[in-house]
Structure formats: structure tokens, C-alpha cells
Amino acid sequence: MSHGEAGHTLCRLEDIPVDGAKGFTLGTRSLFVVRTADGVFGYENVCPHQGTPLDWMPDRFLTLDKTLIQCATHGAQFRIEDGHCVAGPCVGADLQKVPLTVVDGVLSLGTEMQ
């Protein structure tokens, strides 16, 4: 992420339902955020298997039971909390995390994670 993107406002937190997800496009960059009762988790919208987008329709990133992130192309499944692949063709790989901040109910890009 370029340094200038940190602090870029994505949306209000309430725009993403609990157990829901939302995609964002920033220039040529595609990312998504999943919201659970435990927090928000951001990732680049790129499957580590073949580099394809994860969503099959806008904002559709989760399994039917909303417990995992699922790749629309090959069905790989990833844990929401850390992006680790637990099923499919890229088991053991990880989604690329996107740092986030929430201040006064506004979701923004955070600074690079160390």
C-alpha cells in the first residue's frame, strides 16, 4: 500500500452488516472488508491460488453460513480472522491483509502493519 492511502475513508462501519462483507476499489486496487461481532478484517481481493478476485457478485465474499471467506473461482475457503486458507487448492496460503482503523464509526485504511 502506498503511504498516501493510509487514512483513506472507506465507509461508515454501519454500512457493513455484522456477518457481512463489502468490496472497495481504490484506483486499480481491489480490497474487501468482513465485519463480524468480533471486529472488522480487511484483505486484498485476490485469491493466492491464481490471482483472481474472490467475489462472485459484488460484496459476495462469504460462505452461505457466513463463517468463512470463499473464492468464487475455485472454492478455496479462508478464515475470516486471519485470512488463512483452510480448504481448497491453496491450503496453507494466506490472503494479503489490509490494515484498517475505525474512528467515530468511520472505517478507513490504517497504516502498514509491522
Under 4.5 Å between side-chain heavy atoms, counting indirect links through other Ile/Leu/Val/Met/Phe/Trp/Tyr residues: same cluster for [X] and [Y] or not?
X	Y	answer
Val102	Phe24	yes
Val46	Ile69	no
Leu109	Val40	yes
Leu54	Val34	yes

*Donor-acceptor contact below 3.5 Å, side chain Arg35 vs main chain Ile16*: yes
*Side-chain donor/acceptor of Thr9 to backbone N/O of Cys11, under 3.5 Å*: no
As an exercise, state the distance from [atom1] of [X] to [atom2] of [Y], rounded to the nearest 0.5 Å.
X	Y	atom1	atom2	result
Arg60	Asp55	CZ	CG	10.5 Å
Leu68	His84	CG	NE2	11.5 Å
His49	His74	NE2	NE2	5.5 Å
Asp82	Phe41	CG	CZ	9.0 Å
Asp38	Ile80	CG	CD1	9.5 Å

*Classify the angle between the aromatic ring planes of Tyr43 and Phe32 as parallel (below 30°), tilted (30 to 60°) or perpendicular (above 60°).*
tilted
*For the pair Val106 and Leu13, evaluate side-chain contact (heavy atoms from CB on, under 4.5 Å) and give the outcome as yes or no after the intermediate values.*
CA-CA 6 Å; Val106 176; Leu13 185 60; over 6 Å; no
What heavy-atom pair brings [X] and [Y] nearest, and what distance separates the two atoms?
X	Y	value
Phe78	Cys47	CZ-SG, 4.1 Å
Asp65	Thr67	OD1-OG1, 2.7 Å
Gly23	Asp59	N-OD1, 2.7 Å
Leu10	Leu100	CD1-CD2, 3.9 Å
Lys66	Asp19	CD-O, 3.1 Å
Val18	Ala37	CG1-N, 3.7 Å

_Applying salt bridge (Lys or Arg N to Asp or Glu O under 4.0 Å) to Arg12 and Asp15, what does each step give before you reach the verdict?_
CA-CA 5 Å; Arg12 294 202 52 77; Asp15 294 340; over 6 Å; no
_side-chain contact (heavy atoms from CB on, under 4.5 Å) between Leu95 and Asn45, worked out_ = CA-CA 8 Å; Leu95 297 175; Asn45 186 10; over 6 Å; no
*Presence of salt bridge, Glu44 and Lys97, under 4.0 angstrom*: no
_For a 4.5 angstrom cut-off between non-hydrogen side-chain atoms, does Gln77 reach Thr63?_
yes
_side-chain contact (heavy atoms from CB on, under 4.5 Å) for His8 and Leu26? Distances and angles first, verdict last._
CA-CA 9 Å; His8 181 93; Leu26 304 175; 3.3 Å; yes
